[in-house]
Amino acid sequence: MMRRDRLFLAVTLIAIFSADLYFILLPKLRSLGRGSRQFCSCGPNNLTLPGQGGLATPQLSNWTSASPRVGITADPADGGSKLGRLFAHPLYNIQIPAVGPEESLLQVEQLMEYYRRKVSRWERHMKLYSEAAAVSNITVPEREVTFDPDASWLKFHLGISRYALYSRDDPAIPQLLKDMEGMIVISADYTQDEKALKGACDCTQVVKPSGHHLKLALKMRNFAKAMFKPMRQQRDEETPADFFYFVDFQRHNAEIAAFHLDRILDFRRVPPVAGRLVNLTGEVLRATHNEDLRAVFFTSPANNTCFFAKCLYVCKTEYAVCGNPDLLEGSLSAYLPGLSIAPRISIPNPWIRSYTFTGREEWEVNPFYCDTIRQLYPYNSGNRLLNIIDMSIFDFLIGNMDRHHYEIFTKFGDEGFLLHLDNARGFGKHSQDEMSILAPLSQCCMIKRSTLLRLQLLAQPEFRLSDLMRESLEGDPLRPILTEPHLLALDRRLQKILRVVQRCVRRLGKNEVITKDFFKSTAIPQTATEMKKTR
């Protein structure tokens with residue numbers, strides 16, 4: 001009897017303990033586990049940003065596991081063009097206020113009258129030049145000149161508004177890119193900044209502020225104008241580790257890639273850029289009327305046509321660029337409207353770097369530097385500081401440390417967007433991420449909501465930034481524009497930008513960090529099936 005009682009008691013105690021374990025202790029252990037994951041600041045599961053307006057937030061995992069494999073492009077089975085799906089997304093169909101005369105940079109009558117005067121001036125100049133050449137018994141090649149009021153470059157100029165250089169669906173932009181590939185060159189000259197900087201070298205500066213690398217202004221038969229930057233460096237060459245950023249080469253492919261990235265980010269602040277093979281003899285030497293430019297052309301021992309800058313600090317034949325034998329690839333950047341009709345001002349970047357070997361700026365040593373900038377005009381109100389932060393995000397992605405100034409159109413005042421010009425020092429090092437470029441973001445802890453949402457979108461596998469860039473750059477005649485390591489570096493850097501924002505949100509809260517800045521989307525989200533039908 002006693003043994004049976006003891007057995008019954010033992011079974012009862014085991015049953016009670018099991019019930020306590022299942023219904024009381026186990027739920028507490030599960031809750032504790034969930035709580036530890038929720039508040040742990042170091043685990044990978046915590047690397048997400050707060051939800052924004054219903055957009056699915058990407059999981060920020062280790063960048064290497066999320067990076068695409070070399071050579072992988074969009075799978076046709078999942079909808080074909082990733083770029084097409086991106087531009088159909090509601091974030092890329094934002095309603096802006098109607099663009100009226102005050103929001104447009106130029107009016108049609110104003111622009112046409114301006115260029116009629118330029119055409120007349122050109123014709124007078126060419127008549128005098130031909131007469132002088134005839135007296136000197138020099139043959140001047142006659143070049144037919146036409147002015148088309150419907151030219152794509154004029155439509156580009158007319159499309160510039162308070163909000164961007166071009167609208168998202170402006171058909172003039174792809175047409176302009178196509179036109180720049182084959183427009184006939186009638187004149188070649190130094191750019192205006194190079195002309196202004198010629199003369200005695202000011203050795204108190206390590207380098208001149210601009211113009212010290214080869215670039216030419218090319219005028220086309222229909223009076224379009226583009227800046228030509230020749231190839232100085234092979235695509236697979238990285239900037240040497242011992243180079244300071246201010247003596248780095250300018251890269252033509254960086255200019256091309258920067259335009260495509262700016263468009264994918266939906267900033268639209270970089271003028272259209274296309275790659276092109278230029279005949280140095282036929283399209284530059286024979287087209288120029290500038291004797292200084294003629295004087296720097298020579299034939300190399302390999303019988304290639306070469307030229308160099310005259311005469312800044314790189315005015316030597318060892319700094320020349322050479323064709324093969326005459327053809328040389330480069331970037332063509334569409335010129336903005338002239339300063340006399342669309343004035344711009346150049347403003348020093350508050351986060352400008354020191355352009356000496358040993359100097360340091362205040363922002364590099366003072367982590368609270370942004371508190372001072374916030375008190376200064378024009379950064380104490382409006383969007384100027386937020387636009388600076390946009391620019392720093394763009395520069396970090398391309399690796400550009402040379403943003404010493406920025407420009408704005410004076411017509412739009414303090415609320416105008418910043419022009420992202422001169423991006424040729426980007427994409428120099430794919431193996432290094434220069435975090436100091438993000439100082440405006442990390443020190444100010446502010447970002448536009450629209451910018452953050454697009455960055456989050458581009459971090460998702462279906463809209464991976466490297467895939468979008470690879471697809472977009474395939475349309476350029478000089479493809480491939482970027483090597484795979486540079487493309488994959490974009491994904492890695494994007495993750496780092498989102499982590500900086502995340503740290504700011506943890507420290508200050510999303511209401512302090514994320515600034516609302518745009519209007520309601522006009523696009524209806526499409527399913528994958530609907531998008532296939534529209535194509």
(request) Among Trp122, Phe223, Trp153, find the residue that satisfies the ring-ring contact (aromatic ring centres under 6.0 Å, His included) test when tested with Tyr115. (result) Trp153

(message) Check this for me, if you would: do Lys155 and Asp150 make a salt bridge, where the nitrogen-to-carboxylate-oxygen distance has to be below 4.0 angstrom?
(response) no

(message) Looking only at side-chain N and O atoms, does Lys448 offer a donor or acceptor that is under 3.5 Å from a partner on Asn383?
(response) no

(request) Quickly, which of Arg269, Arg403, Arg454 forms a salt bridge (charged side-chain N to carboxylate O under 4.0 Å, His left out) with Asp390? Name it, please. (result) Arg269

(message) Applying side chain to side chain donor-acceptor pair (under 3.5 Å) to Arg162 and Ser104, what does each step give before you reach the verdict?
(response) CA-CA 6 Å; Arg162 178 183 297 277; Ser104 297; over 6 Å; no

(request) Can you spot which of Arg235, Arg251, Lys229 makes a salt bridge (charged side-chain N to carboxylate O under 4.0 Å, His left out) with Glu329? (result) Arg235

(message) As a quick check of understanding, evaluate side chain to side chain donor-acceptor pair (under 3.5 Å) for Glu361 and Trp351, giving each step before the final call.
(response) CA-CA 8 Å; Glu361 296 293 328; Trp351 278 267; over 6 Å; no

(request) Establish, from distance only, whether the side-chain atoms of Asn290 and Asp189 form a donor-acceptor pair under 3.5 Å. (result) yes

(request) For Thr483 and Asp236, test the side chains for any donor-to-acceptor distance below 3.5 angstrom and give the result as yes or no. (result) no

(message) Can you see whether Asn387 engages Tyr406 through a side-chain donor-acceptor pair at a distance of less than 3.5 angstrom?
(response) no

(message) Any side-chain to backbone donor/acceptor pair from Asp491 onto Ser466? Under 3.5 Å, distance only.
(response) yes

(request) Any chance you could lay out the side chain to side chain contact (heavy atoms under 4.5 Å, CB included) test for Thr410 and Arg344, step after step, and finish with the verdict? (result) CA-CA 5 Å; Thr410 57; Arg344 308 188 303 270; 5.7 Å; no

(request) Check for a donor-acceptor pair, side chain of Asn423 on one end and backbone N or O of His420 on the other, with a separation under 3.5 Å. (result) yes

(request) Could you go through the side chain to side chain contact (heavy atoms under 4.5 Å, CB included) check for Phe409 and Leu419 one step at a time? (result) CA-CA 8 Å; Phe409 290 108; Leu419 292 162; 3.9 Å; yes

(message) Treating Ser392 as the side-chain partner and Ile389 as the backbone partner, does any N or O pair qualify as donor plus acceptor under 3.5 Å?
(response) yes

(request) Give a yes or no on whether the backbone of Ser120 and the side-chain of Glu123 come within a donor-acceptor separation of less than 3.5 Å. (result) no

(message) Under a 3.5 Å distance rule, please check whether Asn279 uses its side chain to pair with a backbone N or O of Gly282 as donor and acceptor.
(response) yes

(message) Test your reading of the model: is there a side-chain donor-acceptor pair from Asp476 to the backbone of Gly275, 3.5 Å cut-off?
(response) yes

(request) Output yes when a side-chain donor or acceptor of Thr305 lies under 3.5 Å from a complementary backbone atom of Gly323, and no otherwise. (result) no

(message) For Val273, run the side-chain contact (heavy atoms from CB on, under 4.5 Å) check against Glu255, Met227, His252 and tell me which one passes.
(response) Glu255

(message) Please check this pair: side chain of Arg449 against backbone of Thr515, looking for a donor-acceptor N/O pair closer than 3.5 Å.
(response) no

(message) With a 3.5 Å distance limit and no angle check, can you tell me whether Arg276 reaches the backbone of Met180 through a side-chain donor-acceptor pair?
(response) yes

